[in-house]
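Note that ligands are numbered from 1 as they come in the structure, with each ligand's atoms numbered from 1 the same way. Remember, it's a predicted structure, so these values are computed and weren't measured experimentally.
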Amino acid sequence: MSALLELRDVHARYGAVKVLHGVSLSVREGEVVALLGANGAGKTTTLRTISGMVKRSGEILLAGRRIASSPEGVARAGVAHVPEGRGTFAELSVRDNLRLGAYAAGRNGGFTRAYAYFPWLEERAAQQAGTLSGGEQQMLALARALMSHPRLLLLDEPSLGLAPRVVRELFQIVRRLNEEEGLAVLVVEQNASLALDVATRAYVLETGRVALEGSSDELRANDDVRRSYLGY
Ligand SMILES: Nc1ncnc2c1ncn2[C@@H]1O[C@H](COP(=O)(O)OP(=O)(O)OP(=O)(O)O)[C@@H](O)[C@H]1O
Ligand SMILES: [Mg+2]
């Protein structure tokens with residue numbers, strides 16, 4: 001399988017503070033890849049850099065072509081980003097949040113697909129997003145990302161603050177999107193055991209560098225990964 005997303009020696013900084021020091025990684029077509037690492041390692045920054053929200057050097061390729069370094073350009077190229085903290089608009093209705101997801105990528109429609117994966121959202125279409133439960137808001141954020149018909153989904157800590165049952169449900173939907181539609185996913189997740197279950201490969205970031213990479217099985221069997229991220 002060829003690389004859908006490829007980062008080559010990517011450096012990124014916030015003002016004078018360098019955060020990524022030469023990150024290289026790839027996600028193949030139809031693949032789910034996990035990005036693990038301690039707090040502050042640069043996981044969110046990596047996703048934000050891919051999305052064109054952080055100044056960077058180095059190359060980022062999507063299906064072999066350099067992607068623009070603006071959020072609009074990246075969205076139009078087929079990358080949808082579900083940020084840490086979800087990024088839904090609390091004052092807007094569920095329907096308008098979904099509509100914005102399509103609009104961001106210069107598309108319209110997509111409701112049928114979003115509702116196929118999240119049928120309850122259709123009944124709640126008029127509800128103000130801010131009044132949804134935390135789990136429902138995370139589902140809305142994912143549904144909103146689907147509205148743009150992405151080729152690649154960037155997911156930042158989807159399990160944050162959610163009950164285990166909701167987290168399982170959410171990851172089941174991610175797995176279905178991958179298996180049924182071939183959607184490629186790069187997922188950042190504190191819950192490493194969960195991430196390694198859904199992903200086939202993973203990268204471990206340490207202070208802005210890739211410290212380890214391998215198949216999920218290889219990383220599960222790695223003593224450092226077990227001690228630091230799996231807790232046994
Ligand atoms: N807007 C910003 N301005 C300055 N520094 C920032 C900014 N955002 C992040 N950083 C710094 O960049 C480093 C990496 O942060 P990042 O959010 O990418 O880490 P992370 O791996 O996602 O951590 P966490 O697991 O806690 O979410 C941290 O030292 C952080 O303080
Ligand atoms: Mg983060």
Review point. For Val94, does its backbone N or O pair with a side-chain atom of Arg124 as donor and acceptor, under 3.5 Å?
Key: no
Review point. Quick one: does Tyr203's side chain have a donor or acceptor within less than 3.5 Å of a partner on Ser24's backbone?
Key: no
Point to revise | Contacts of the Mg ion (ligand 2) with protein N/O/S atoms, counting only those under 2.8 Å | key: Thr44 OG1, Glu84 OE2
Exercise for review: For Ile67 and Ala77, work out which heavy atoms get closest and say how close.
Suggested key: CG2-CB, 4.3 Å
Check your understanding: According to the salt bridge (charged side-chain N to carboxylate O under 4.0 Å, His left out) rule, which pairs have a member within residues 34-58, sequence neighbours left out?
Key -> none
Check your understanding: What's the spacing between His81 NE2 and Leu152 CG if we round to 0.5 Å?
Key -> 10.5 Å
Practice item. May I ask whether Leu36 and Leu205 are part of the same hydrophobic cluster, defined by side-chain heavy atoms of I, L, V, M, F, W, Y residues being less than 4.5 angstrom apart, directly or through others? Key: no
Practice item. Grab the two heavy atoms, one from Pro150 and one from Ala145, that are nearest each other, plus how far apart they are. Key: CD-O, 3.4 Å
**Study point:** Residues forming a ring-ring contact (aromatic ring centres under 6.0 Å, His included) with Tyr229, sequence neighbours excluded
**Key:** none
Review point. Parallel under 30°, tilted from 30 to 60°, perpendicular over 60°: which one fits the rings of Phe118 and Trp120?
Key: perpendicular
Practice item. Enumerate the protein residues lying less than 4.0 Å from ligand 1, judged by heavy-atom distances, in chain and residue-number order. Key: Tyr14, Val19, Ala38, Asn39, Gly40, Ala41, Gly42, Lys43, Thr44, Thr45, Glu84, Glu157, Gln190
